[in-house]
Amino acid sequence: EVQLMESGGGTVQPGASLRLSCAASGFTNFFNYYIYWVRRSPGKGLEWVSTISGGGGVTYYRDSVKGRFTVSRDNAKNTVDLQMNSLKLEDTGVYYCVRDPRPNDGWVRPPLEREPHFGHWGQGTQVTVSS
């Protein structure tokens with residue numbers, strides 16, 4: 001039922017920008033759900049990147065992307081975006097958007113350490129930063 005689809009990934013040089021998009025469908029009240037961006041890389045494994053609240057008024061980022069990444073959402077379009085600037089080699093990975101399993105509340109960061117399949121996941125989009 002719940003469907004999330006990431007897009008916008010690609011291969012870029014260090015310092016370049018990419019804008020990822022997550023399109024949601026198959027459920028109502030999209031505006032009530034926290035959305036998380038999570039990435040998987042060979043060296044670091046599963047890694048939380050960013051969080052945005054249902055209304056978009058609360059956002060969180062992991063330290064390594066602060067000042068470079070910006071998460072936003074358009075609830076009228078059922079989309080969440082991740083603007084990634086000044087990309088680094090270490091940003092390489094498959095990026096997923098994840099919907100919190102419950103409405104109206106969420107985590108600062110999802111509990112991936114104890115629940116690696118937390119919430120609903122999209123298929124992911126590959127981001128490769130290479131010189």
Side-chain angles (χ1 to χ4, degrees):
E1 184 187 54
V2 177
Q3 199 167 38
L4 304 169
M5 185 173 295
E6 303 91 339
S7 62
T11 301
V12 298
Q13 298 180 28
S17 297
L18 282 174
R19 189 176 184 89
L20 307 184
S21 185
C22 170
S25 61
F27 63 99
T28 59
N29 300 326
F30 174 75
F31 56 88
N32 281 334
Y33 290 91
Y34 272 55
I35 300 293
Y36 314 93
W37 284 97
V38 177
R39 66 190 180 193
R40 184 183 297 276
S41 61
K44 297 180 289 293
L46 201 61
E47 195 173 60
W48 166 76
V49 176
S50 184
T51 296
I52 187 166
S53 63
V58 178
T59 59
Y60 302 99
Y61 304 89
R62 69 177 299 107
D63 287 344
S64 64
V65 309
K66 286 180 180 177
R68 300 189 297 119
F69 290 12
T70 303
V71 65
S72 61
R73 66 192 295 161
D74 187 340
N75 287 333
K77 298 179 179 179
N78 285 4
T79 60
V80 176
D81 286 3
L82 184 68
Q83 178 67 45
M84 306 185 297
N85 298 327
S86 302
L87 283 162
K88 304 176 179 180
L89 298 179
E90 306 80 66
D91 295 319
T92 293
V94 180
Y95 283 69
Y96 304 89
C97 59
V98 180
R99 197 210 77 177
D100 198 281
R102 66 204 179 280
N104 301 314
D105 204 1
W107 301 74
V108 172
R109 54 194 297 172
L112 300 177
E113 293 84 359
R114 64 176 172 85
E115 194 174 343
H117 297 99
F118 173 86
H120 298 275
W121 296 59
Q123 295 298 307
T125 186
Q126 176 71 47
V127 172
T128 302
V129 185
S130 175
S131 59

If you count heavy atoms of other groups shown closer than 6.0 angstrom to NZ of Lys44, is the number above 12? yes
Scan side-chain atoms only and decide if Asn85 and Gln83 contain a donor-acceptor pair under the 3.5 Å cut-off. yes
Are Val98 and Ile52 co-members of a hydrophobic cluster defined by side-chain heavy atoms under 4.5 Å apart? no
What is the minimum heavy-atom distance between Leu46 and Pro116, and which atoms define it? CD2-O, 3.9 Å
Val108 and Leu112: same hydrophobic cluster, using ILVMFWY side-chain contacts below 4.5 Å? yes
Would you give the length of the straight line joining atom CD of Gln13 to atom OG of Ser130, rounded to the nearest 0.5 angstrom? 8.5 Å
First locate atom OG1 of Thr125, then atom CG of Leu82, and finally report the distance between them rounded to the nearest 0.5 Å. 11.0 Å
Is the shortest side-chain N to carboxylate O distance from Asp63 to Lys66 below 4.0 Å? yes
Drop me the distance from Arg99's CZ to Cys22's SG, to the nearest 0.5 angstrom. 11.0 Å
Heavy-atom pair with the smallest gap, counting every atom of Ser17 and Ser86: OG-N, 4.2 Å
Do Phe27 and Trp121 sit in the same hydrophobic cluster, where Ile, Leu, Val, Met, Phe, Trp and Tyr count as joined when their side-chain heavy atoms come under 4.5 Å apart? no
Pairwise distance CD1(Ile35) to OG(Ser53) - rounded to 0.5 angstrom: 10.5 Å
Would Met84 and Val127 count as a side chain to side chain contact (heavy atoms under 4.5 Å, CB included) here? Give the steps. CA-CA 10 Å; Met84 306 185 297; Val127 172; 3.9 Å; yes
Please name the pair of heavy atoms, one in Gly9 and one in Leu20, separated by the smallest distance, quoted to 0.1 Å. N-CD2, 3.6 Å
Can you find a heavy atom in the side chain of Val80 that is under 4.5 Å from one in the side chain of Cys97? no
Would you confirm whether Arg73, through its side chain, and Gly56, through its main-chain N or O, come within 3.5 Å as a donor-acceptor pair? no
Which atoms form the tightest heavy-atom contact between Tyr95 and Glu6, and what is the distance? O-CG, 3.8 Å
Applying a strict under-4.5 Å side-chain criterion to I, L, V, M, F, W and Y, I'd like to know whether Tyr33 and Trp107 cluster together. no
Under the 3.5 angstrom rule, does the side chain of Thr92 hit a backbone N or O of Val129 as a donor-acceptor pair? yes
Is it the case that over 12 heavy atoms from other parts of the model lie below 6.0 angstrom from the CD atom of Glu115? yes
Parallel, tilted or perpendicular: which describes the rings of Tyr36 and Phe118, with under 30° parallel and over 60° perpendicular? perpendicular
Side chain Trp48, main chain Ser50, donor-acceptor under 3.5 Å: yes
Do Leu89 and Pro14 touch side chain to side chain, with heavy atoms closer than 4.5 Å? yes
In terms of heavy-atom contacts, Arg39 and Asp91 come closest through NH1-OD1, 3.1 Å
Apply side chain to side chain contact (heavy atoms under 4.5 Å, CB included) to the pair Tyr61 and Val71, showing each step before the final yes or no. CA-CA 9 Å; Tyr61 304 89; Val71 65; 3.5 Å; yes
Shortest non-hydrogen pair, Ser21 vs Asp81, comes out as OG-OD1, 3.1 Å
State the OG1-CG distance between Thr79 and Asp74, to the nearest 0.5 angstrom. 4.5 Å
Counting distance only, does the side-chain N/O of Asn75 pair as donor-acceptor with the main-chain N or O of Phe30 below 3.5 Å? no
Would you say that more than 12 heavy atoms from the other residues, nucleotides or ligands in this model lie under 6.0 Å from the CD of Gln126, or not? yes
side-chain contact (heavy atoms from CB on, under 4.5 Å) with Asn29: which residues, sequence neighbours excluded? Phe31, Asn32
Verdict with supporting geometry, Tyr96 and Arg40, side chain to side chain contact (heavy atoms under 4.5 Å, CB included): CA-CA 8 Å; Tyr96 304 89; Arg40 184 183 297 276; 4.1 Å; yes
